[in-house]
A.B. asks: 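What follows is a structure written as structure tokens; I'll ask about it next.
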Amino acid sequence: MPLNPLDLYDVASALTEEERMVQESVGRLVDDKVLPVIQKCFEEHRFPRELVPELAGLGLLGSSLQGYGCAGLNAISYGLICQELERGDSGIRSFVSVQSSLCMYPIHAYGSEEQKRKYLPDMARGEIIGCFGLTEPHGGSDPANMKTHAKRRGKDWVLNGSKMWITNGAIANLAVVWAMTEEGIRGFIVEKGTPGFAAPEIERKFSLRASVTSALFFDNVTVPEANVLPGVVGLKGPLSCLTQARYGIAWGVIGAAQACLAQLLDYSRTRVLFGRPLAQNQTIQVRLADMARRITAAQLLALQLGRLKDQGRMQPPQVSLAKWNNCRMALDIARDCRDMLGGAGISAEYVPVRHMLNLESVITYEGTETIHQLTLGRELTGLSAF
Ligand code: TGC
Ligand code: FAD
């Protein structure tokens, strides 16, 4: 029996029946609905918003949350969802990451009962889209140094400042915004249309073109006390959301790498140079084998991370290692696949260049590679180099 080149260690056999079903159903959605449109969306710089009801219909929004119309799936299932979606495009996985891990998660974890009932069921149905405002223009790696602030005014809060590089911003019905207060960093739910709040789209991106990225501006925006997340104060609020999203990215990028390798395997077997298939050259086989090695290692790393998460034992430095390793793996593979396709590698007919450009964002957002290396360095040494 030949091995599956995209699953050399048969990770599929380590999944439960339910996990396999989740993977298959999301895989079908990607094959039937995402892949036919995604390249055009990328070229047109357009998020395929028409897919949101399909994503919601499969229970992919807030999929690992319990109650409030959410599917209550385990962490491995959430990882597999991200992997399949990112096999299509990082922008689609980004949409689901932000909605699920960065917006629904904090409302679920830190929101009042009223906030959960008001927002979560509609968010699970994709009828309310969220965005997450943490990064500011002067430096996203150090969110503790945030300038956006909120001051109490009677029973309300007044929010001033700006956020930068915010996924979903211009299409979002609400923003979960982190702002400095006298008590420390707090989370605010700011609804679209609130006077003084604007979310213009950032145009002219070379990466994540099938995803909406925006700035957020707050000019004396009044937020009622009822829209403040009561359950958390401090940087650990937003950082705990990032832990959830980074976990999903560690799985997601495997899908992007698999898509690149799958296409390259086909191409290298059929392209004949010097009288033999490209794939019959030693240096090409070494490069292909190296890609398979790195994908396999990333799969096993993600699987064990998922098992730790499902057991409630996952620690942030472990997530940093996985986010760093797997993003680096996927970006290097996408670049190498682009190269082995020759001139065709720059054509929109092939997927690696799109994944490569997307992965330049993915390795940067949710903590740059350096931030994750330093997080691990701090864990190993007990000394902070930040
Ligand atoms: P530090 O002193 O380490 O921590 C402050 C407090 O937070 C706690 N904590 C965490 N809690 C949960 N999860 C984590 N990952 C946590 N990391 C830290 C920590 O225990 C502490 O709690 P307490 O109770 O003692 O106060 O904070 P620091 O200022 O030293 O910062 C550390 C550093 C640099 C790692 C952090 O600032 C960082 O991660 N920077 C990178 C910022 C980042 O990743 N931004 C991402 C923005 S969102 C985004 O990119 C979305 S893209 C989505 C998409 O489209 O898919
Ligand atoms: P900076 O923090 O200015 O970093 C610049 C460089 O300095 C990087 O190479 C970094 O690794 C390096 N560096 C930083 N500190 C150190 C150090 N101590 N030692 C050595 N090197 C260091 N943010 C959100 O809040 N919500 C979103 O939805 C969101 N979506 C995004 C979507 C896209 C497409 C992109 C590109 C970004 C998104 N971001 C979002 C922002 C993202 O999280 C930030 O870009 C990222 O955290 C880095 O911040 P920065 O861009 O300000 O770079």
A.B. asks: Measuring from Met104:CE to Met123:CE, what's the distance to the nearest 0.5 Å?
C.D. replies: 6.0 Å

A.B. asks: Quick one: does any side-chain atom of Asp122 pair with a main-chain N or O of Glu127 as donor and acceptor, under 3.5 Å?
C.D. replies: no

A.B. asks: With no hydrogens and no angle check, is any side-chain donor or acceptor of Thr375 less than 3.5 Å from a backbone partner on Ile371?
C.D. replies: yes

A.B. asks: Distance alone, cut at 3.5 Å: any donor-acceptor contact between the side chains of Asn145 and Lys147?
C.D. replies: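 Yes, Lys147 and Asn145 have a side-chain donor paired with an acceptor closer than 3.5 Å.
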
A.B. asks: With distance as the sole test, does Gln99 use its side chain to make a donor-acceptor pair with the main-chain N or O of Gly130 at under 3.5 Å?
C.D. replies: yes

A.B. asks: Would you indicate whether the side-chain heavy atoms of Leu303 and Trp251 approach each other to under 4.5 Å?
C.D. replies: yes

A.B. asks: Rounded to the nearest 0.5 Å, how far apart are OG of Ser101 and OH of Tyr78?
C.D. replies: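 So the OG of Ser101 and the OH of Tyr78 are separated by 3.0 Å.
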
A.B. asks: So how far is it from Leu65 CG to Gln244 CD, rounded to the nearest 0.5 Å?
C.D. replies: 8.5 Å

A.B. asks: Might you work through the side chain to side chain donor-acceptor pair (under 3.5 Å) test for Lys323 and Gln318, ending with a clear yes or no?
C.D. replies: CA-CA 9 Å; Lys323 200 270 180 182; Gln318 296 168 326; over 6 Å; no

A.B. asks: Which residues pass the side chain to side chain donor-acceptor pair (under 3.5 Å) test with Arg287, sequence neighbours left out?
C.D. replies: Asp336, Asp339

A.B. asks: Would a distance-only check, ignoring hydrogens and angles, find a side-chain to backbone donor-acceptor pair under 3.5 Å from His372 to Glu366?
C.D. replies: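 Side chain of His372 to backbone of Glu366: a pair is present.
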
A.B. asks: Within the side chain of Arg93, is there an N or O that forms a donor-acceptor pair under 3.5 Å with the backbone of Leu85?
C.D. replies: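 No, because the side chain of Arg93 does not come within donor-acceptor range (under 3.5 Å) of the backbone of Leu85.
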
A.B. asks: Let me see the working for Asp31 and Arg28 under salt bridge (Lys or Arg N to Asp or Glu O under 4.0 Å), right down to the final yes or no.
C.D. replies: CA-CA 5 Å; Asp31 290 339; Arg28 268 196 303 278; over 6 Å; no

A.B. asks: For the CZ atom on Arg20, are there more than 12 heavy atoms of other groups (residues, nucleotides or ligands in this structure) within a distance under 6.0 Å?
C.D. replies: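 Yes, CZ of Arg20 has more than 12 neighbouring heavy atoms, counting only those of other groups under 6.0 Å.
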
A.B. asks: Quick one: ring pair (Phe, Tyr, Trp, His ring centres under 6.0 Å) partners of Phe47, sequence neighbours excluded?
C.D. replies: Phe95

A.B. asks: Can Gln23 and Glu19 be said to form a side chain to side chain donor-acceptor pair (under 3.5 Å), step by step?
C.D. replies: CA-CA 6 Å; Gln23 181 170 21; Glu19 290 160 357; over 6 Å; no

A.B. asks: Does some side-chain heavy atom of Val30 sit less than 4.5 Å from a side-chain heavy atom of Asp89?
C.D. replies: no

A.B. asks: Could you tell me whether Arg186 and Glu183 make a salt bridge, using a distance below 4.0 angstrom between a side-chain N and a carboxylate O?
C.D. replies: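 Looking at Glu183 together with Arg186, the answer is yes, because their closest N to O distance falls below 4.0 Å.
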
A.B. asks: For Lys33, is the NZ atom crowded, meaning more than 12 foreign heavy atoms sit under 6.0 Å from it?
C.D. replies: no

A.B. asks: If Ile, Leu, Val, Met, Phe, Trp and Tyr residues are connected whenever their side-chain heavy atoms lie under 4.5 Å apart, and connections chain through other members, are Phe188 and Tyr119 in the same group?
C.D. replies: no

A.B. asks: For Phe42, which residues count as a ring pair (Phe, Tyr, Trp, His ring centres under 6.0 Å) partner, sequence neighbours excluded?
C.D. replies: none

A.B. asks: Any sub-3.5 Å donor-acceptor pair from Asp7's side-chain atoms to Val11's backbone N or O?
C.D. replies: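 Yes, the answer is positive, given that a donor and an acceptor are paired below the 3.5 Å cut-off.
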
A.B. asks: With Lys118, which residues qualify under salt bridge (charged side-chain N to carboxylate O under 4.0 Å, His left out), at least two apart?
C.D. replies: Glu191

A.B. asks: Answer yes or no: is there a side-chain heavy-atom contact under 4.5 Å between Glu86 and Val253?
C.D. replies: yes

A.B. asks: Which residues pass the side chain to side chain donor-acceptor pair (under 3.5 Å) test with Glu18, not counting sequence neighbours?
C.D. replies: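 In terms of side chain to side chain donor-acceptor pair (under 3.5 Å), with neighbours along the sequence ignored, Glu18 is linked to no residue.
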
A.B. asks: Hey, does the side chain of Thr181 reach the backbone of Gly184 with a donor-acceptor pair shorter than 3.5 angstrom?
C.D. replies: yes

A.B. asks: Inspect the surroundings of CD in Glu50 and state if more than 12 heavy atoms from other residues, nucleotides or ligands are less than 6.0 Å away.
C.D. replies: yes

A.B. asks: Tell me yes or no: between the side chains of Asp10 and Asn4, is some donor less than 3.5 Å from an acceptor?
C.D. replies: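 The criterion, which ignores hydrogens and geometry beyond distance, is not satisfied for Asn4 and Asp10.
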
A.B. asks: State which residues pass side chain to side chain donor-acceptor pair (under 3.5 Å) with Glu379; sequence neighbours excluded, sorted by chain then number.
C.D. replies: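 Per chain and number, Glu379 pairs via side chain to side chain donor-acceptor pair (under 3.5 Å) with no residue.
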
A.B. asks: Start with the C-alpha distance between Ser240 and Tyr110, add both sets of side-chain angles, then the distance that settles side chain to side chain donor-acceptor pair (under 3.5 Å), and finish with yes or no.
C.D. replies: CA-CA 11 Å; Ser240 65; Tyr110 307 124; 2.5 Å; yes

A.B. asks: Can you sort out the partners of Asp266 under salt bridge (charged side-chain N to carboxylate O under 4.0 Å, His left out), two or more places apart, ordered by chain and number?
C.D. replies: Arg269

A.B. asks: Under the 3.5 angstrom rule, does the side chain of Thr368 hit a backbone N or O of Thr364 as a donor-acceptor pair?
C.D. replies: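 Not confirmed, Thr368 side chain does not pair with Thr364 backbone.
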
A.B. asks: Please list every donor-acceptor pair under 3.5 Å in which a side-chain atom of residues 217-233 meets a protein atom from a residue at least two apart or in another chain.
C.D. replies:
unit_1, atom_1, unit_2, atom_2, d
Asn220, OD1, Asn160, ND2, 3.0
Thr222, OG1, Arg153, NH2, 3.0
Glu225, OE1, Arg152, NH1, 3.3
Glu225, OE1, Trp157, NE1, 2.8
Asn227, ND2, Ile189, O, 2.9

A.B. asks: Hey, does the side chain of Arg338 reach the backbone of Gly342 with a donor-acceptor pair shorter than 3.5 angstrom?
C.D. replies: yes

A.B. asks: Is it the case that atom CZ in Phe206 sees more than 12 heavy atoms from other parts of the structure closer than 6.0 Å?
C.D. replies: no

A.B. asks: For Asp156, give me all partners under salt bridge (charged side-chain N to carboxylate O under 4.0 Å, His left out), at least two apart in sequence or on another chain.
C.D. replies: none

A.B. asks: With heavy-atom distances below 4.5 Å as the criterion, would you say the side chains of Phe386 and Asp142 are in contact?
C.D. replies: no

A.B. asks: If you measure from the Lys or Arg side-chain nitrogens to the Asp or Glu carboxylate oxygens, is any gap between Glu43 and Lys40 under 4.0 Å?
C.D. replies: no

A.B. asks: Mind checking the CG-CG spacing from Leu102 to Leu134? Nearest 0.5 Å is all I need.
C.D. replies: 9.0 Å

A.B. asks: Side chain to side chain donor-acceptor pair (under 3.5 Å) with Lys236: which residues, sequence neighbours excluded?
C.D. replies: none

A.B. asks: Do NZ/NE/NH1/NH2 and the carboxylate oxygens of Glu360 and Arg335 come within less than 4.0 Å?
C.D. replies: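 Salt bridge flag = yes for Arg335 with Glu360.
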
A.B. asks: When you compare the side chain of Asn281 with that of Gln285, does any pair of heavy atoms fall below 4.5 Å?
C.D. replies: no

A.B. asks: Decide if atom CD of Glu182 counts as having more than 12 heavy atoms of other residues, nucleotides or ligands within a radius under 6.0 Å.
C.D. replies: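 Counting neighbours around CD of Glu182, 12 or fewer heavy atoms of other residues, nucleotides or ligands fall under 6.0 Å, so no.
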
A.B. asks: When Ile, Leu, Val, Met, Phe, Trp and Tyr are grouped by side-chain heavy atoms lying under 4.5 Å apart, directly or through other members, which residues fall in the same group as Leu6?
C.D. replies: Ile254, Leu261, Leu264, Leu265, Tyr267, Leu273, Phe274, Leu278, Ile284, Leu288, Met291, Ile295, Met329, Ile333, Met340, Leu341, Tyr350

A.B. asks: Checking the side chain of Thr135 only, and the main-chain atoms of Trp165 only, is there a donor and an acceptor separated by less than 3.5 Å?
C.D. replies: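 The answer is no, because no donor-acceptor pair under 3.5 Å joins these two groups.
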
A.B. asks: Which distance, rounded to the nearest 0.5 Å, do you find between the CG of Asn358 and the CG of Leu208?
C.D. replies: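 Between atom CG of Asn358 and atom CG of Leu208 there are 4.5 Å.
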
A.B. asks: With side chains defined as the heavy atoms from C-beta onward, is the minimum distance between Ile249 and Cys327 less than 4.5 Å?
C.D. replies: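 Heavy-atom side-chain distance check passes, below 4.5 Å.
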
A.B. asks: Check the surroundings of atom CD in Gln311: do more than 12 heavy atoms from other residues, nucleotides or ligands lie under 6.0 Å from it?
C.D. replies: yes

A.B. asks: Determine whether Gln39 and Val351 satisfy the following criterion, side-chain contact (heavy atoms from CB on, under 4.5 Å), listing intermediate values before the conclusion.
C.D. replies: CA-CA 8 Å; Gln39 180 59 38; Val351 301; 6.0 Å; no

A.B. asks: Quick check for you: to the nearest 0.5 Å, what is the distance between Arg294 atom CZ and Arg328 atom CZ?
C.D. replies: 10.0 Å

A.B. asks: Checking Lys163 now: which residues fulfil salt bridge (charged side-chain N to carboxylate O under 4.0 Å, His left out) with it, not counting sequence neighbours?
C.D. replies: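 If we apply the salt bridge (charged side-chain N to carboxylate O under 4.0 Å, His left out) test to Lys163, skipping adjacent residues, the hits are Glu136.
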
